[in-house]
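Below is one structure, written out as structure tokens, with a few remarks after it.
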Number of protein chains: 2
Amino acid sequence: MKPKISDVAKRAGVSPTTVSRVLNNRGYISEETRENVHRAMNELNYFPNDVARSLFNKRSNLIGIILPTTSNPFFGELTFHIENICASLGYKVLLCNSLNRIDKEEKYLEMLMRNQVDGIIVGTHNRGIINYHKQNLAVVAIDRHLSETIPVVSSDNYEGGKMAAELLISKGCQSIIHINGQKELETPAMLRRKAYEDVMMKNGRTPITFEIPEVFDKQSQQQVISQIFNECPDIDGLFASNDLFAASFITEAKKRGLSVPGQVKVVGYDGTETSQILLPELTTIQQPIASIAKTAVEILIKEIEGDFSDIPLQTRLPVKLLEGSTV
Amino acid sequence: MKPKISDVAKRAGVSPTTVSRVLNNRGYISEETRENVHRAMNELNYFPNDVARSLFNKRSNLIGIILPTTSNPFFGELTFHIENICASLGYKVLLCNSLNRIDKEEKYLEMLMRNQVDGIIVGTHNRGIINYHKQNLAVVAIDRHLSETIPVVSSDNYEGGKMAAELLISKGCQSIIHINGQKELETPAMLRRKAYEDVMMKNGRTPITFEIPEVFDKQSQQQVISQIFNECPDIDGLFASNDLFAASFITEAKKRGLSVPGQVKVVGYDGTETSQILLPELTTIQQPIASIAKTAVEILIKEIEGDFSDIPLQTRLPVKLLEGSTV
DNA sequence: CTGAAAGCGCTTACAG
DNA sequence: CTGAAAGCGCTTACAG
């Protein structure tokens, strides 16, 4: 059996209280007993049971993260950074891949609360499924508006969309199409679309946006892309709201005998490390994934520690244009 | 404050014992009191504290996963599948990105044990840092030999390596190079190298393998790739042990004015969804990521439940050649 | 400087 | 069918 604090106490010839004290470095302890206790712990290969600690402290040092799926490189990288920062700060991460499905998200949320997580970072977009605040849980959203009071961290979506659209226009594209998620979602990412539309209007063009359901079914994505070519045969520019859409589009364009950037120019969004390696020629708007993660964790931990003094409700981190050879 | 079982009991006019019984569906309870209790739980918005439950049950339903980083699409997808399968089976996932660093892995291991995880799935390759068994923890390794007694699940690495090498030879390549991780690691993935070497020898060629340190520093990867071109100017075939290496190689080849597959043919390994979307033309050996995940979780849970009857020490899942246009 | 007692929120024998 | 008691492994006032 795993040794417990009383086993250590017995072996060191002291009380459990004393062992706990040296464990937590609290109160006065003579150097001698401290050493005895440490020796006993080593001999028994003892390490504390954090479940028992959490129960007493009402603090688990656990944070939950809910996002669509780590299979998507943006979220895979985001998850890595979040977890790593958390680890360095003494927090542990409970991972939830909701696939953007409301039913799953609800179950995960309940699971996280049962497990007494101290806070949650949410990267899925189901608005207001549960009253997060009611349970006075610390929450931070990434690129999603969850409620009026939950801080959201995102890239500067409007600026990113603007850069993309303006770049395509400056390269002489006449018929520029946009691909994005569904509009009803009202995510900050919709600002990419807004910027695209604004730029188009300002330049006397008609914005056309195709919506792709973000349910991760390849079938329907493929379908929308075919649709674009069919409905807009004169397309010569595309701004995709993520790099995977951009890549699928390029693949289909080539399949149809269109050269990129010769006949169609393409700009993506995200600029993950993975897409930089696998598709370095893609011109894209890069999100600062590491700082998004860092900011989100920092805000969350402030909330957890009850320091609400200067928590920004909106944090927009700067994007960067990565010029490849697809424009 | 969060309601607890005694709050529910009070409201329902019964004892905590009774509430616990309806919660766990144990023992006889009259229909009436069951309804009363349920009503009380709803009114108070009660849900059980799993930390307290874990403490009593000595069962957390938590499993830890340690892998290099979810930033790598292979591990990102693996993580997604593992987590999703676990969720469907009532297990929760504590995520650890070790970056293949021993110091980090040790800390994570201790963290997981303190948190009383029921089992661990390990995808990093530091052999024998800790005596996993000593703590009688359920452990499964993915593509890593951790010890003689820990089950390992992997793709059929030898077969995969063989297919890749034979394909390149059949396409007429004369000077075929291999890129892999470091040999000392003795991972099952080394079988990819072994197969490559066997095929080369059998065909009267000299196998040449370049080792890339798997520490995820772009710098050194880039360096090794340049080195390949410098030391083997007549290279006309490459088998990379993962798709990211393959992609970096292709990028460098093009930069040097070499056409793929015209002058150099390339075969990768992994075949993740992400690389299928971003670099669909890559010819690669696809690992069955979903079944690797499923098998690993199933074995782990058997171990956790103490059913050691038919636990295979080695599971090799079949790979599939994905023919793109890089050979 | 150290220890006995109570309690974190649950569950499970044991009685009734 | 239901409840009082003890205990999971820890920690923190409170005494001494």
Side-chain angles (χ1 to χ4, degrees), chain A residues 1-38 40-41 44-62 92 110-118 135, chain B residues 1-38 40-41 44-62 92 110-118 135:
Chain A
M1 262 342 286
K2 289 178 191 159
K4 44 192 178 182
I5 224 171
S6 62
D7 298 318
V8 176
K10 212 166 288 171
R11 184 163 198 117
V14 297
S15 74
T17 307
T18 299
V19 176
S20 171
R21 271 205 206 84
V22 347
L23 226 37
N24 296 288
N25 238 310
R26 233 186 272 296
Y28 297 93
I29 307 138
S30 75
E31 204 38 54
E32 199 193 333
T33 66
R34 182 193 302 280
E35 273 166 25
N36 280 338
V37 170
H38 275 133
M41 294 197 302
L44 293 174
N45 204 331
Y46 170 83
F47 50 87
N49 180 330
D50 275 353
V51 170
R53 283 181 151 179
S54 300
L55 181 58
F56 185 89
N57 295 324
K58 290 159 172 291
R59 192 78 143 50
S60 62
N61 284 314
L62 228 40
K92 302 150 276 184
E110 181 175 335
M111 180 277 273
L112 293 176
M113 309 200 38
R114 283 173 177 246
N115 282 276
Q116 315 301 119
V117 297
D118 295 333
Q135 308 290 148
Chain B
M1 263 339 287
K2 287 177 193 161
K4 43 193 178 180
I5 224 170
S6 61
D7 297 319
V8 176
K10 211 166 291 172
R11 183 161 199 120
V14 297
S15 75
T17 308
T18 300
V19 176
S20 172
R21 270 204 206 86
V22 347
L23 227 37
N24 296 288
N25 239 311
R26 231 185 275 296
Y28 297 92
I29 307 138
S30 75
E31 204 39 52
E32 199 194 333
T33 68
R34 180 192 303 280
E35 273 166 25
N36 281 337
V37 169
H38 275 133
M41 296 199 299
L44 294 173
N45 204 330
Y46 170 83
F47 51 88
N49 180 329
D50 275 353
V51 170
R53 282 182 152 178
S54 299
L55 180 58
F56 185 91
N57 294 326
K58 290 159 173 293
R59 192 80 144 47
S60 62
N61 283 312
L62 230 39
K92 301 152 277 185
E110 181 176 335
M111 179 278 274
L112 293 175
M113 310 199 35
R114 284 171 176 248
N115 282 276
Q116 315 300 119
V117 296
D118 295 334
Q135 309 290 150

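None of these values were measured; they are calculated from a predicted model. Labels below follow one simple rule: chain letters A, B, ... track the order of the sequence lines, proteins then strands, and each chain is numbered from 1.
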Next on the checklist: Would the distance check show the side chain of A/Lys92 and the main-chain N or O of A/Ser60 forming a donor-acceptor pair, the cut-off being under 3.5 Å?
Outcome noted: yes
Checklist entry - Do A/Asn115 side-chain atoms and A/Val117 backbone N/O form a donor-acceptor pair below 3.5 Å? => result no
Next on the checklist: For a 4.5 angstrom cut-off between non-hydrogen side-chain atoms, does B/Leu62 reach B/Gln116?
Outcome noted: no
Checklist entry - Within a strict 4.5 Å, meaning less than it, do heavy atoms of the B/Lys2 and A/Met113 side chains meet? => result no
Checklist entry - Given C/dC1, is OP1 or OP2 found less than 4.0 Å from the side-chain N or O atoms of A/Thr18? => result no
Next on the checklist: Looking at B/Thr33, I'd like to know whether one of its side-chain N or O atoms comes within less than 4.0 Å of OP1 or OP2 on D/dT2.
Outcome noted: yes
Checklist entry - For every nucleotide of nucleotides 9-16 of chain C, 5' to 3': is a protein heavy atom under 4.0 Å from its base (B), only from its sugar-phosphate (S), or from neither (-)? => result BSBBB---
Checklist entry - Do other residues, nucleotides or ligands put more than 12 heavy atoms under 6.0 Å from B/Glu32 CD? => result no
Checklist outcome for this item: To the nearest angstrom, the CZ-C1' distance between B/Arg114 and D/dC8 comes to 19 Å
Next on the checklist: Nearest whole Å is fine: how far is D/dC1 P from B/Glu31 CD?
Outcome noted: 10 Å
Next on the checklist: Would A/Arg53 and A/Asp50 count as a salt bridge (Lys or Arg N to Asp or Glu O under 4.0 Å) here? Give the steps.
Outcome noted: CA-CA 5 Å; A/Arg53 283 181 151 179; A/Asp50 275 353; 3.7 Å; yes
Next on the checklist: My understanding is that a pair needs two contacts under 3.5 Å, Watson-Crick or G-U wobble. By that rule, which nucleotide pairs with D/dG16?
Outcome noted: C/dC1
